[in-house]
Structures are given as C-alpha cells and as structure tokens.
Amino acid sequence: MRKSWLGRRLGALLYDSLLIIALWLLTGALVLAARGGEMPPVNASWYSALLLAVPCGFYLWFWLHGGQTLGMRAWNLRLTDLDGNPPRATACALRLAAAIPSLALAGLGLLWTLVPPAHRSWHGLASATKVVYFDRRSESSAHA
C-alpha cells in the first residue's frame, strides 16, 4: 500500500457525490409520497436534517463495512487507521464530523493532503485515519 493522491480522492468524491444525489432524489420521493405529494415547507428543519443525514449515513455505513465507499472502491482507495487496520466507529464518526468544515472551507482541509510529510487531510489528522491506495492486482495475486 502507498499514500493516496489528491486526484484519486477527488475522483472517488465525484463518484460518491453522484450516488448521494441519487439517494437525495429517492429521499425526496419518499417524503413526497409520505406527505401525499406535498413538499415540506422551505423552513422545515427536519427535512434539512434528513438531507444531511443521507451523506452522513452513506459514508459511515461504507467506512464501517469494508473501509470503502463505492467511489473509493472504483479508485482503489481504502480508509484505515494509522496502523492499516479497519477504522473504529468512533474514528469514522470523528472523521465525518471533521470533514464537514474541512471541505466547507473551500476544500482546504482536503488540499492539506499535498503538504508533506504526512499527506493527510484535516479530517484524517483529527480522526487518526488515513486513505491509502492499494493495487487490486497485487492483492489478488498475493492471495492466489
């Protein structure tokens, strides 16, 4: 395994964004169906919270079940703790909480991966996790 690079992370983020948009559309459709075709009011905080819960649940689920979102899998990336083991639930939750401001500040926390020597994002530093690149071909030949 080696350190991941920013291009792969952005590619995985783009893939995951498309999946999250699809989940938001599904969530909206379910809310519409439950409300008899009526949209919630613009200031409905429960709906905003529900829409925020979608990407949070998406990332937590995938990080805790294999350390990879579908986008990360496509780009051969995996989330681990600093020792290379699967991350614990508390680390995943902390990473998610730290990722919101990290990305909201014009992505500065993600751009921090360009800074040596650690090459880790702010949310990775805050949660003691890292995203690593792995070559599936070498992994599959090692298991053969």
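Source: prediction; values computed, not measured.
Taking CG of Leu23 as the start and CG of Asp16 as the end, the distance is 10.5 Å to the nearest 0.5 Å. A distance of 5.5 Å separates CG in Leu52 from CD1 in Ile100, rounded to the nearest 0.5 Å. Lys130 contributes atom NZ, which lies 12.0 Å from atom CG of Leu125 (distance to the nearest 0.5 angstrom).
One N or O on the side chain of Asp81 and one on the backbone of Asp83 form a donor-acceptor pair closer than 3.5 Å. In this structure, Gln68 contributes its side chain and Leu77 its backbone to a donor-acceptor pair below 3.5 Å.
In the hydrophobic cluster analysis, where Ile, Leu, Val, Met, Phe, Trp and Tyr join through side-chain heavy atoms closer than 4.5 angstrom, Leu70 is grouped together with Val54. Transitive grouping of hydrophobic side chains (ILVMFWY, heavy atoms separated by less than 4.5 Å) brings Phe62 and Ile21 into a common cluster. Trp112 and Trp5 are not part of a single hydrophobic cluster, where members link through side-chain heavy atoms under 4.5 Å apart. Side-chain heavy atoms closer than 4.5 Å link hydrophobic residues (I, L, V, M, F, W, Y) into clusters, and following such links, possibly through other members, connects Leu79 to Leu103. Following chains of ILVMFWY side-chain contacts shorter than 4.5 Å, one can reach Leu96 starting from Leu19, so the two form part of one hydrophobic cluster.
Contact record, Tyr59 with Leu13: OH-CD1, 3.5 Å, taken as the closest heavy-atom pair. Annotation for Trp46 and Val31: closest pair CH2-CG1, 3.8 Å, computed over non-hydrogen atoms. In plain terms, the two heavy atoms of His123 and Ser102 that are nearest each other are ND1-OG, 2.9 Å. Residues Met72 and Val131 approach most closely at CE-CG1, 4.3 Å, considering heavy atoms. Taking every heavy atom of both residues into account, Ile20 and Pro55 meet most closely at CD1-CB, 3.8 Å. Closest approach of Leu51 and Trp24 over heavy atoms only: O-NE1, 2.7 Å.
Tyr15 and Trp75 have perpendicular rings, their planes meeting at more than 60° on a 0 to 90° scale where under 30° would count as parallel.
Two residues are said to be in side-chain contact when any heavy atoms from C-beta on lie closer than 4.5 Å; Leu105 and Trp122 meet this criterion. When side chains are defined from C-beta on, Met39 counts as touching Tyr47, because their heavy atoms get closer than 4.5 Å.
Counting heavy atoms of neighbouring residues, nucleotides and ligands inside a 6.0 Å radius, atom CZ of Arg88 does not exceed 12 of them.
Considering Thr113, Leu108, Thr129 in turn, Thr113 is the only one that fulfils the side-chain contact (heavy atoms from CB on, under 4.5 Å) rule with Ser121.
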